[in-house]
Amino acid sequence: MKIGILTSGGDAPGMNAAIRAVVRSALYHKFDVYGINRGYAGLLEKDITPLNVYSVADILQKGGTILRTSRSEFFTTEAGQKRAADVLQEYGIDHLVVIGGDGSLNGALKLKQLGVSIVGIPGTIDNDFGASDFTIGFDTAVSTAIDAIGKIRDTTFSHNRINVVQVMGRTCGDIALYAGFSVGAEALIIPEIETNLEGICGRLLAGKDRGKLHSIVMLAEGCGSYRDYCKKIEELTQVTTKGTNLGYIQRGGSPSHFDRNLAGFMGYKAVETIVEGNTGVVIVQRKGEYKAVPLEEALATPKVFRRDMYKISKMLSI
Ligand code: ADP
Ligand code: F6P
């Protein structure tokens, strides 16, 4: 029996640890393993190579993905999906493991509907996959943001300024929320909460009146650019306001212990699930437990916003 594996969409720290876990678990069960390079684009172009125990040596701690990744327009079409299923058949790949975000897992569902035996693993720094408490890469991205914000805070304090720190997350404010909570950010601007900039500036000024010498405002990219917010906040507060877009540093780096463990368990569970004959699923972590949930159900599960965390963060950062 043959298992194929690919990574798709935005890369995330811990994807390599997940690849290693899938490959080593599959080899343990005597499967042949094939690495499909560059996600669905590579599958369509038949960019496929056999993987062995050495192919995944020394990658556990590395950021990025050794299989590389892509976004493929053609794969989103029926013709593209049909061709992808045909390539899998041509190579005799019996089961496919897809590691990626929401978009990649939607693609996996399309292949399932064409009869492909498939297992998904949620890997994205955004943590925007409602079926799983956490996605691979999120914890590392938050830690990277915390580290960078510590440095930004030093200079923001010295100059008695406000600094707007923009992090990734188009529709999901989790990186801003978790990093903001961890650094005691004075304000959070995230897609889940309607922004009241006058209210935020009022709070920043009240803090200043009480003797606060600087403030950090966390901004999720889905709410707009830090440049616009800097301008408006400076106008409203009359305090010099600078901004920083943390950008792609959030997507790189060696994965945290949390992401390595998440990846290891999810990769292992993906193969166990295949061995049990239960495919068409995605592996999720809920309250510390790993489960295989049908792709349809997982993709329909709404993301629950941690309103409690938002409230506490606001309360503690007066
Ligand atoms: P992520 O997986 O990180 O969310 P994308 O949303 O860019 O990243 O998705 C990665 C790839 O998955 C896309 O380039 C496309 O080929 C495929 N994909 C995304 N959404 C769908 C969909 N609804 N149907 C089929 N394929 C999809
Ligand atoms: O992986 C998800 C994500 O990091 C989003 O938070 C961000 O908007 C997007 O990817 C950026 O992707 P690209 O690599 O296409 O610039």
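The first residue in the sequence is number 1, and the count goes up from there. In listed order, ligands and their atoms are each counted from 1.
- Among all non-hydrogen protein atoms, the one lying nearest atom 22 (C) of ligand 1 is Asn106 CB, 3.8 Å.
- Atom CZ of Phe258 sits in a crowded spot, with more than 12 heavy atoms from other residues, nucleotides or ligands closer than 6.0 Å.
- Protein heavy atom in closest approach to atom 21 (C) of ligand 1: Gly103 O, 3.5 Å.
- By the 4.0 Å heavy-atom criterion, Gly101 is excluded from the residues contacting ligand 2.
- The shortest N/O to N/O separation between Gly10 and ligand 1 falls below 3.5 Å.
- The pair Asp94-Lys2 does not meet the salt-bridge criterion, since no charged nitrogen lies less than 4.0 angstrom from a carboxylate oxygen.
- When only interatomic distances are considered, the shortest N/O to N/O separation between Asp11 and ligand 2 does not fall below 3.5 Å.
- The shortest contact between atom 16 (O) of ligand 2 and any protein heavy atom is with Tyr248 OH, 2.3 Å.
- A salt bridge links Lys291 with Glu289: the closest approach of a Lys/Arg side-chain nitrogen to an acidic carboxylate oxygen falls below 4.0 angstrom.
- Both Ile136 and Val271 are part of a single hydrophobic cluster, where members link through side-chain heavy atoms under 4.5 Å apart.
- For the ligand labelled ligand 1, residue Gln81 lies inside the 4.0 Å heavy-atom shell.
- Between Asp147 and Lys151 there is a salt bridge, since at least one side-chain N of the basic residue sits less than 4.0 Å from a carboxylate O of the acidic one.
- Remark: ligand 1 atoms within the under-4.0 Å shell around heavy atoms of Gly101 are 1 (P), 2 (O), 3 (O), 4 (O).
- Assignment of Thr76 to the shell around ligand 1 is supported, since a heavy atom sits closer than 4.0 Å.
- Within ligand 1, counting atoms from 1 as listed, the ones closer than 4.0 Å to a heavy atom of Phe75 are 16 (O), 26 (N).
- Under a 4.0 Å N-O distance rule, the pair Glu186/Arg153 qualifies as a salt bridge.
- The pair Glu296-Lys112 counts as a salt bridge, with a side-chain nitrogen and a carboxylate oxygen less than 4.0 angstrom apart.
- Taking the six-membered ring where the residue is Trp, Tyr40 and Phe75 present parallel rings, their angle staying beneath 30° rather than reaching 60°.
- Summary of contacts: the protein heavy atom closest to atom 5 (C) of ligand 2 is Asp126 OD2, 3.4 Å.
- A salt bridge links Asp11 to Arg251: at least one charged side-chain nitrogen sits closer than 4.0 Å to a carboxylate oxygen.
- Inclusion of Ser72 in the set of residues having an N or O under 3.5 Å from an N or O of ligand 1 is warranted.
- With respect to atom 26 (N) of ligand 1, the closest heavy atom belonging to the protein is Gly107 CA, 3.4 Å.
- Annotation: Glu90, atom CD; neighbour count of heavy atoms from other residues, nucleotides and ligands within 6.0 Å is above 12.
- If you look at Arg251 next to ligand 2, the close heavy atoms, those under 4.0 Å, all belong to the side chain.
- Near Gly10, with a cut-off below 4.0 Å to any heavy atom, the atoms of ligand 2 are 1 (O).
- At least one N or O atom of Lys110 sits closer than 3.5 Å to an N or O atom of ligand 1.
- Atom 11 (C) of ligand 1 has as its closest protein heavy atom Ser8 OG, 3.7 Å.
- From the protein, the heavy atom lying nearest to atom 13 (P) of ligand 2 is Arg71 NH1, 3.4 Å.
- Among all protein heavy atoms, the one lying closest to atom 7 (O) of ligand 1 is Arg71 NE, 2.5 Å.
- Distances between N or O atoms of Gly9 and those of ligand 1 include no value under 3.5 Å.
- A cation-pi contact, defined as under 6.0 Å to the ring centre and within 45° of the axis, is absent between Lys269 and Phe265.
- Nearest heavy atom pair, residue Gly80 against residue Leu44, reads O-CD2, 3.2 Å.
- Close contacts between ligand 2 and Glu221 involve ligand atoms 5 (C), 6 (O), 7 (C), 8 (O) [criterion: under 4.0 Å to a heavy atom].
- Between Asp174 and Lys303 a salt bridge is recorded (basic side-chain N to carboxylate O distance below 4.0 Å).
- The shortest N or O to N or O distance between Ser104 and ligand 1 is under 3.5 Å.
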